Amino acid sequence: MLSFSVRTQLTVGIVLATLMGATRGYHFTPLEHLPSASWAVFFLAGIYLRSRWVFPALLAEAALLDFAAVTWGGVSSFCVSPAYGFLLPAYGTLWFAGHWYAGEYRDTVATLLPLAGSVFVGAVICELISSGTFYFLSGRYEQTNMTQFVLRFAEYFPRSLSSLSFYVGIAGIIHIVLRMPAMSSARFRASSRLRKNPG
């Protein structure tokens with residue numbers, strides 16, 4: 001299982017909160033073409049951060065960013081509806097998917113299988129909750145039916161999954177680069193012990 005110092009977790013937390021603020025609020029013109037990192041932030045927070053208050057803090061940040069975007073940023077309030085509260089279980093799914101993966105993590109290539117599985121399953125459930133509740137409960141659509149929802153899911157889910165995968169992929173590369181010295185040192189110590197105690 002992945003384990004990090006408090007200092008490392010604090011650094012990761014600041015980076016994730018900044019990333020969500022930069023890509024969700026659409027206030028930073030140079031970043032306006034980047035997809036929202038919100039899904040990835042909750043997933044990665046589940047992997048790297050252990051404090052229980054982090055999840056509600058990130059939820060509060062997301063809500064404040066949306067409030068600011070609608071109130072002062074000129075963003076349409078179309079997505080703010082009675083279904084908005086269901087973002088809590090939707091994002092919670094990504095958080096728990098990341099937390100589950102942290103327990104399955106290994107310093108080998110084989111770790112990519114549970115990573116891919118947790119990303120995909122977390123994304124599917126998050127999309128079902130967030131898009132499903134918005135479609136059926138927001139009041140924005142006069143007539144709703146399962147066929148139309150399936151078509152909407154098929155249209156929007158690939159984009160959501162690709163955005164999540166994009167940021168998780170970048171985080172994975174950074175993780176590998178930063179862990180390489182420690183992994184090399186551990187392998188060197190292990191090989192040294194084997195040489196000293198061949199039997």
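The model shown is predicted, which means the values in this text are computed figures rather than measured ones. Because only heavy atoms are used, hydrogens play no part in the values below, and waters and symmetry mates are left out as well, while side chains stay in. We number each residue from 1, following the sequence as shown.
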Ser162 side-chain N/O to Arg159 backbone N/O, donor-acceptor pair under 3.5 Å: yes
Nearest non-hydrogen partners of Gly21 and Leu65, listed with the distance: CA-CD1, 3.6 Å
Any donor-acceptor N/O pair, Ser118 side chain to Gly98 backbone, under 3.5 Å: no
Atom of Leu164, atom of Ala123 and distance for their closest heavy-atom approach: CD2-CB, 3.8 Å
Taking every non-hydrogen atom, the tightest pair across Pro35 and Thr23: O-CB, 3.7 Å
Inter-residue atom distance Leu16.CG - Tyr167.OH, 0.5 Å rounding: 12.0 Å
Lys NZ or Arg CZ of Arg140 over Phe134 ring: under 6.0 Å, within 45°: no
Whether Thr8 side chain and Phe4 backbone form a donor-acceptor pair below 3.5 Å: no
Minimum heavy-atom distance between Glu104 and Pro114, given as atom pair plus value: CB-CB, 4.1 Å
Gap separating the CZ atom of Phe86 from the OG atom of Ser130, nearest 0.5 angstrom: 11.5 Å
Table please: side-chain donor-acceptor pairs of residues 145-157 below 3.5 Å, with sequence neighbours left out.
residue, atom, partner, partner atom, Å
Asn145, OD1, Thr147, N, 3.2
Asn145, OD1, Gln148, N, 2.6
Arg152, NH2, Tyr141, OH, 2.9

Polar contact flag, side-chain donor to acceptor under 3.5 angstrom, Ser36-Arg24: no
Under 3.5 Å: donor-acceptor pair, side chain of Gln9, backbone of Arg50: yes
Nearest atoms (heavy-atom pairs only) where Ala83 meets Thr133: CB-O, 3.3 Å
Under 3.5 Å: donor-acceptor pair, side chain of Ser51, backbone of Trp53: no
Any side-chain donor near an acceptor of the partner, Tyr105 and His175, under 3.5 Å: yes
Gly122 versus Ala97, closest heavy-atom pair with distance: CA-CB, 4.1 Å
Worked verdict on Trp95 versus Phe55 for ring-ring contact (aromatic ring centres under 6.0 Å, His included): CA-CA 8 Å; Trp95 173 281; Phe55 179 69; 5.3 Å; yes
Inter-residue atom distance Trp39.CH2 - Thr93.OG1, 0.5 Å rounding: 9.5 Å
Side-chain donor-acceptor pair present, Thr111, Thr108, cut-off under 3.5 Å: no
